[in-house]
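Accompanying notes for the structure given below.
Note on naming: letters A, B, ... go to the chains in the order of the sequence lines (proteins, then strands), and numbering restarts at 1 for each one. If you're wondering where the values come from, they're calculated on a predicted model, not measured in any experiment.
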Number of protein chains: 2
Amino acid sequence: MTDQKPLGFQDIRDEVVNRIQTRVWPQGSLLPTEMELAAEFGVARATVNRALRELAEQGIVTRKRKGGTRVVTTPVKQAKLPITVVRQTIEEMNAEYRYALVSRTLIDCPAWLQAKLNIPEGAQVVHLQCMHHADNRPFQFEERWINVSTVPQVLDEDFLTTGPNEWLLSEVPFSNAEIAFSAVPATGHLQEFLAVPPGTPLFQLERTTWFRSDPVTFVRMTFHQGYQMRTTY
Amino acid sequence: MTDQKPLGFQDIRDEVVNRIQTRVWPQGSLLPTEMELAAEFGVARATVNRALRELAEQGIVTRKRKGGTRVVTTPVKQAKLPITVVRQTIEEMNAEYRYALVSRTLIDCPAWLQAKLNIPEGAQVVHLQCMHHADNRPFQFEERWINVSTVPQVLDEDFLTTGPNEWLLSEVPFSNAEIAFSAVPATGHLQEFLAVPPGTPLFQLERTTWFRSDPVTFVRMTFHQGYQMRTTY
DNA sequence: AAGTGGTCTAGACCACTCA
DNA sequence: GAGTGGTCTAGACCACTTT
């Protein structure tokens with residue numbers, strides 16, 4: 001009984017990872033070709049291909065036609081950061097979510113936002129300020145600008161009961177975005193709404209969103225004192 | 001000339017995304033089966049399968065045997081966050097990188113770290129403090145604890161010229177980790193090494209790393225004032 | 001019980017890239 | 001020019017889930 005049961009692509013993948021981790025195939029070395037591996041494991045080349053393709057996506061190996069498959073020397077880890085809606089985050093903590101609109105105004109797009117979104121002069125945007133509470137304690141202050149020309153429906157939405165994040169997600173799903181994380185001091189509005197002393201370090205997330213190369217929205221979300229964003233790789 | 005050239009899985013994928021974005025297949029709706037799509041596009045089922053599998057990985061659709069393929073109602077975006085070495089980050093800014101070891105001591109594992117890494121009592125760890133400079137200005141302060149029992153080679157490494165991050169990457173590549181981002185005030189060491197007034201908000205990244213379920217290291221990296229971490233999705 | 005996606009196979013052709 | 005991965009096909013069987 002040399003072979004027990006047929007191997008799947010996941011078995012191949014795991015075994016390759018194994019050999020890389022145990023330095024059977026050291027960093028920088030060249031792996032056998034797909035055909036050789038297929039012969040060794042007794043599977044079709046397509047199966048080996050799928051296994052190695054996944055490892056390439058994970059950044060563990062690089063693949064080149066004619067060049068073969070090589071173990072990456074300095075693996076660039078990729079943490080997957082799930083971007084959820086605030087409501088979900090809070091409800092997953094088993095806390096009670098409460099949303100409150102602070103202000104909603106229709107304004108001419110300020111110059112800095114024009115530049116950031118690359119939209120023409122004189123465009124109009126809806127400016128929103130909102131608070132998100134968890135168990136009645138301040139959780140996140142949200143300041144947002146929505147491009148009226150991309151999302152004209154925004155003029156008919158008052159955002160009194162639904163947060164702009166969730167509303168936009170239903171109106172403009174499947175957009176793409178740029179995100180920036182930073183630490184900022186509590187000043188002005190932030191200090192008041194998040195109920196912290198002036199200068200308190202706060203975790204902040206800025207995001208610019210497009211739908212098919214049309215700028216949709218820019219949002220600045222500032223979290224309560226001590227908030228940690230977590231992930232894995 | 002009804003069909004020009006044979007379609008690839010990428011064409012299928014893009015066209016499906018297109019139909020989802022334009023609400024031909026609205027959120028929550030059921031897509032045609034793989035066989036139906038294969039017939040429509042004039043390709044093999046495997047090709048449709050690959051296209052839809054990618055969209056499922058991206059979280060745009062969900063797939064269930066017998067249940068079919070369904071457009072996700074509230075897409076959970078996943079930002080891919082490349083975790084690079086500090087040196088790279090700095091060199092990509094076209095700045096000059098400089099590393100300096102502040103302290104290196106062999107100590108008994110403190111209780112809080114024992115709990116965090118889940119290692120037995122009395123274990124020993126190497127405690128490191130380092131500074132990373134960009135163009136001779138403070139960029140990042142790194143405080144790290146390395147588990148001696150998992151990485152015994154650490155006893156022979158003085159870390160005078162090479163940062164522990166890069167060293168560990170060559171000794172223990174392909175590990176997995178938990179990451180937490182937060183905003184902290186500058187105090188004590190941080191304030192001095194990063195040359196900022198006390199209480200300045202600083203961006204901090206904490207990471208716990210394992211290799212095959214053996215705890216390797218815990219690191220706390222605090223960045224200079226105003227640092228932003230950026231990504232896309 | 002039936003229908004759907006999940007996977008594998010054997011073969012083929014192509015595209016890239018190295019020598 | 002030759003070798004490698006990239007992709008596609010047609011068919012098959014399996015595994016899960018709903019009816």
Side-chain angles (χ1 to χ4, degrees), chain A residues 2-17 19-20 24-73 75-76, chain B residues 2-17 19-20 24-73 75-76:
Chain A
T2 50
D3 53 345
Q4 308 269 42
K5 59 179 178 184
L7 298 171
F9 79 94
Q10 306 196 21
D11 303 310
I12 312 292
R13 166 171 46 81
D14 295 345
E15 175 58 19
V16 171
V17 169
R19 294 190 188 175
I20 291 176
V24 176
W25 294 324
Q27 295 171 69
S29 67
L30 203 58
L31 267 60
T33 66
E34 292 187 345
M35 282 194 344
E36 287 168 345
L37 288 173
E40 179 193 340
F41 292 116
V43 300
R45 182 168 80 95
T47 307
V48 174
N49 181 279
R50 167 124 188 227
L52 294 184
R53 180 156 33 88
E54 281 201 6
L55 297 183
E57 280 168 12
Q58 291 177 39
I60 292 181
V61 300
T62 55
R63 321 193 71 201
K64 259 193 267 185
R65 284 161 155 137
K66 169 72 179 176
T69 303
R70 198 171 286 277
V71 182
V72 160
T73 43
V76 175
Chain B
T2 51
D3 52 344
Q4 308 268 39
K5 58 181 179 184
L7 298 172
F9 79 94
Q10 306 195 22
D11 302 311
I12 313 291
R13 166 171 45 74
D14 295 346
E15 174 58 20
V16 171
V17 169
R19 295 188 187 177
I20 291 175
V24 176
W25 294 323
Q27 294 173 70
S29 66
L30 204 57
L31 267 59
T33 67
E34 290 188 346
M35 283 193 342
E36 287 168 345
L37 288 174
E40 178 192 342
F41 292 114
V43 300
R45 182 168 80 94
T47 307
V48 174
N49 181 279
R50 169 129 185 226
L52 294 182
R53 180 156 32 88
E54 281 202 6
L55 297 184
E57 279 168 11
Q58 291 177 37
I60 293 182
V61 300
T62 55
R63 321 192 71 198
K64 260 191 269 187
R65 284 158 152 138
K66 167 71 179 176
T69 303
R70 198 171 284 278
V71 183
V72 159
T73 44
V76 175

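- The residue B:Gln10 sits close only to the backbone: its heavy atoms come under 4.0 Å of sugar-phosphate atoms, none of a base.
- In terms of heavy-atom proximity, A:Leu30 sits nearest to A:Gly67 at CD1-O, 3.4 Å.
- Put simply, the side chain of B:Glu34 reaches to within 4.5 Å of the side chain of B:Arg63, judged on heavy atoms.
- A:Arg50 comes within 4.0 angstrom of sugar-phosphate atoms only, judged by non-hydrogen atoms across all strands, and of no base.
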Carefully, step by step, assess A:Glu36 and A:Glu40 under the rule side-chain contact (heavy atoms from CB on, under 4.5 Å). CA-CA 6 Å; A:Glu36 287 168 345; A:Glu40 179 193 340; over 6 Å; no
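- Of all heavy-atom pairs between B:Val43 and B:Leu7, the closest is CG1-O, 3.7 Å.
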Check the pair A:Leu55, A:Val16 against side-chain contact (heavy atoms from CB on, under 4.5 Å), reporting the backbone distance first and the verdict last. CA-CA 9 Å; A:Leu55 297 183; A:Val16 171; 3.5 Å; yes
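- Here the range on DNA chain D touched by chain A, meaning any atom under 4.0 Å from one of its heavy atoms, is D:dG3 to D:dT7.
- The closest side-chain heavy-atom distance from A:Leu37 to A:Leu52 is below 4.5 Å.
- Residues of residues 63-71 of chain A having a heavy atom closer than 4.0 Å to DNA chain D, listed by number: A:Arg63, A:Lys64, A:Arg65, A:Lys66, A:Gly68, A:Thr69.
- Closest non-hydrogen pair, A:Trp25 versus A:Pro32, comes out as CZ2-CD, 3.7 Å.
- Looking only at distances, a side-chain donor or acceptor of A:Asp11 sits under 3.5 Å from a matching main-chain atom of A:Gly8.
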